[in-house]
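Written below as structure tokens is the structure these notes are about.
Residues take their numbers from the sequence shown, with the count starting at 1.
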Amino acid sequence: MTRLFAASAAITALLSVSAVSMAKSNMVPADKFDLSQWKIQLPLDKDKNGKADEVDVKKLKKYSHPDFFYLDENGGMVFASPNKATTTKNTSNSRSELREMLRGTKTKYKTKGPENNWAVEARKGSNKFGRVGGRLDATLKVDHVARRAGDATTRAAYSVVVGQIHADKYDDTSSGFGYGNEPIKIYYKKFPDHEMGSVFWNYERNLAKTDPDRTDINHPVFGNDWSNSSDPGQAGIALGEEFSYTINVHKNTMYLTFSSDRLGTKTFTKSLVSQLRVDGKMDPLDNKFSYGGDTLYFKAGVYNQCSPAKGGGLWYAGCPGTGDWEVDKANGDYAQATFSKLKVGPSTPPVR
């Protein structure tokens, strides 16, 4: 009888484990993460319209994709994107990336409307926006970056953007704003023959695309910046090693915090309404008021920087890819990251 009871208990336990595993497999990212103010763009074109597919806020509540957006066995939110895939018209880089949508499911507000986005306090009419400032907190590990590049000297080669603030693009830029630039992009980059990769962030001068001074100002965090091809060694972050970032835009200033259990915490402060740089000096080449007149929103996930496009410069690394996910994954021609935390909301006063 005792043996029978033990066997029965073992079977029950086994069934329980199977039930839990099955429940996990049926879960979607929105079951664990608050995605009520996000939509996602994916490296897919299921409707064959030549545009990257998007899943809106309402449908995202029940959405996952087995290759590009899903929960792993530990409940982490996985984003993946191959080098070669359908992209938006303004880039040759594919993405599996969330875009902040302050309107939630209230689609009466336009995507580019003030109600769906935020602005710095100094912006004219900032009280009409969905929020003044904002805060994005994330903890993640980069699982993989593209291992091959046609031009390894290109700064974007072997890298991925895992978080950013984006400015909306205006039809009329006569005000000196609306160029669609980014006050911050958070990068992870790892060369194939290095044990460690580097985490850094870029501030883009808020100028017209045709302006020769429009460029990214690089700030190393853990390891090197994107122009340094030397091995960062133990100062860098390994693939699969967690780190965290906080982007906190309070009133008119961007406060950044990066942390790693092994490497500690680093902070940065950047005005978004003046030419004041992180080091406290002025940058006369930047927009006089930085991003003070822009419409802004957060993005997070995987924005693969290993573009298949060629042509030199900063961005066109000529990274290989077939467009067949199974082939490209086997060849290492993709980027992937897993988030264990992602939270967006109002800004908070900086800790003095």
Q.
Walk me through whether Y316 and T154 qualify under side chain to side chain contact (heavy atoms under 4.5 Å, CB included).
A. CA-CA 7 Å; Y316 305 123; T154 303; 5.8 Å; no
Q. Run the side chain to side chain contact (heavy atoms under 4.5 Å, CB included) check on I247 and R135 step by step: do they pass?
A. CA-CA 6 Å; I247 307 172; R135 175 169 171 155; over 6 Å; no
(Q) The test is side chain to side chain contact (heavy atoms under 4.5 Å, CB included); show your working for F258 and I186 and say whether it passes. (A) CA-CA 10 Å; F258 295 86; I186 299 173; 4.0 Å; yes
Q: For the pair S290 and N287, evaluate side-chain hydrogen bond (donor to acceptor under 3.5 Å, both in side chains) and give the outcome as yes or no after the intermediate values.
A: CA-CA 5 Å; S290 186; N287 186 311; over 6 Å; no
Q: Verify side-chain hydrogen bond (donor to acceptor under 3.5 Å, both in side chains) between T253 and S271, making sure each step is shown before the conclusion.
A: CA-CA 5 Å; T253 304; S271 169; 5.4 Å; no
Q: Before giving the answer on side chain to side chain contact (heavy atoms under 4.5 Å, CB included), spell out for L71 and V78 the whole-Å C-alpha distance, their side-chain angles and the decisive distance to 0.1 Å.
A: CA-CA 6 Å; L71 286 179; V78 181; over 6 Å; no
Q: Test Y203 against H219 for ring pair (Phe, Tyr, Trp, His ring centres under 6.0 Å), laying out the working first.
A: CA-CA 8 Å; Y203 168 86; H219 302 86; 7.7 Å; no
Q: Given side-chain hydrogen bond (donor to acceptor under 3.5 Å, both in side chains), test S340 with E242 step by step and report yes or no.
A: CA-CA 9 Å; S340 58; E242 276 200 335; 2.8 Å; yes
Which side-chain N or O atoms in residues 293-303 pair as donor and acceptor under 3.5 Å with protein atoms at least two apart or in another chain?
residue, atom, partner, partner atom, Å
D294, OD1, G178, N, 2.9
D294, OD2, N206, ND2, 2.7
T295, OG1, Y170, OH, 3.0
K299, NZ, E97, OE1, 3.3
Y303, OH, T91, OG1, 3.1
Y303, OH, R95, NH2, 3.4

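A distance-only check finds no donor-acceptor pair linking the side chain of K169 to the backbone of N181 [under 3.5 Å]. Looking only at distances, a side-chain donor or acceptor of N218 sits under 3.5 Å from a matching main-chain atom of W226. Distance alone, capped at 3.5 Å, places no donor-acceptor pair between the E54 side chain and the Q41 backbone. Under the 3.5 Å distance criterion, the side-chain polar atoms of D328 are matched with a main-chain donor or acceptor of T322. Side-chain atoms of N93 come within 3.5 Å of backbone atoms of Q305 as a donor-acceptor pair (strictly under, hydrogens ignored). A side-chain donor-acceptor contact under 3.5 Å links D172 to the backbone of S174. With hydrogens and angles disregarded, no donor-acceptor distance shorter than 3.5 Å links the side chain of N331 to the backbone of D333. Remark: the backbone N or O of E182 is paired with a side-chain donor or acceptor of E204 at under 3.5 angstrom. Using a distance-only test at 3.5 Å, with no hydrogens or angles considered, no donor-acceptor pair links the side chain of T246 to the main chain of N248. No donor-acceptor distance shorter than 3.5 angstrom exists from the side chain of Q275 to the backbone of M282, with no hydrogens or angles considered.
Within the 4.5 Å cutoff, the side chain of I40 has heavy atoms near those of the S96 side chain. Between S347 and V249, every side-chain heavy-atom pair lies at or beyond the 4.5 Å cut-off. Side-chain atoms of Y63 and V28, non-hydrogen and from C-beta on, never get closer than 4.5 Å to each other. Side-chain atoms of M77 and F69, non-hydrogen and from C-beta on, do get closer than 4.5 Å to each other. The shortest side-chain heavy-atom distance between N116 and M101 falls under the 4.5 Å cut-off. Proximity of P82 to K329: side-chain heavy atoms (C-beta onward) are nowhere separated by under 4.5 Å. Counting heavy atoms from C-beta outward, W201 and V278 have side chains that approach closer than 4.5 Å. Using a 4.5 Å cut-off on side-chain heavy atoms (C-beta onward), N252 and L272 make no contact.
Tested against Y245 for a side-chain contact (heavy atoms from CB on, under 4.5 Å), the candidates L256, T257, V162, D137 yield a single pass: V162. In summary, of the residues considered (L98, T139, L140), a side-chain contact (heavy atoms from CB on, under 4.5 Å) with L342 occurs for L98 alone. Each of F268, Y187, F243 was compared with V221 under the side-chain contact (heavy atoms from CB on, under 4.5 Å) criterion, and only F268 meets it.
A distance of 9.0 Å separates CE of M254 from OH of Y291, quoted to the nearest 0.5 Å. To the nearest 0.5 Å, atoms CD (Q164) and CD1 (I184) are separated by 9.5 Å. With rounding to the nearest 0.5 angstrom, the OG1 atom of T215 is 8.5 Å from the CG atom of N202. Summarising the geometry, atom NZ belonging to K128 is positioned 15.5 Å from atom CG belonging to N117; distances are rounded to the nearest 0.5 Å.
Nearest heavy-atom pair, K190 versus G197, reported as atom, atom and distance to 0.1 Å: CB-CA, 3.7 Å. Of all heavy-atom pairs spanning S159 and N304, the tightest one is O-OD1, 3.9 Å. Across all non-hydrogen atoms, the minimal contact from N224 to S198 is N-OG, 2.8 Å. Taking both residues in full, the closest heavy atoms of S259 and T265 are given as CB-OG1, 3.6 Å, listed atom of the first, atom of the second, then distance. Between K189 and R155, the closest heavy-atom pair is NZ-O, 2.7 Å. Nearest heavy atom pair, residue W38 against residue V57, reads O-CG2, 3.2 Å.
Using bins of under 30°, 30° to 60° and over 60° for the plane-to-plane angle, the ring pair H144/Y334 lands in the parallel bin. In this pair, H65 and F68 present their aromatic rings parallel. The plane angle is below 30°, not in the 30 to 60° band.
Using a 4.0 Å cut-off between a side-chain N of Lys or Arg and a carboxylate O of Asp or Glu, R277 and D279 qualify as a salt bridge. We find that R103 and E115 are not joined by a salt bridge, their nearest charged nitrogen and carboxylate oxygen being 4.0 Å or further apart. Comment: E100 engages R131 in a salt bridge, judged by a side-chain N to carboxylate O separation of less than 4.0 angstrom. The pair K185-D216 counts as a salt bridge, with a side-chain nitrogen and a carboxylate oxygen less than 4.0 angstrom apart. Residues D283 and R205 are paired through a salt bridge, judged by an N-O separation under 4.0 Å between the basic side chain and the carboxylate.
More than 12 heavy-atom neighbours from other residues, nucleotides or ligands sit within 6.0 angstrom of NZ on K39. The number of heavy atoms from other shown groups lying within 6.0 Å of CG (N127) is above 12. Residue K266 qualifies as enclosed at atom NZ: its count of foreign heavy atoms under 6.0 Å is above 12.
One hydrophobic cluster, built from ILVMFWY side chains closer than 4.5 Å, holds both L136 and L102.
Taking the six-membered ring for Trp and the full ring otherwise, the centers of Y158 and Y188 sit at least 6.0 Å from each other.
Taking the side chain to side chain contact (heavy atoms under 4.5 Å, CB included) definition, one finds that S260 meets it with F222, I237, E241, R262, L263, sequence neighbours left out.
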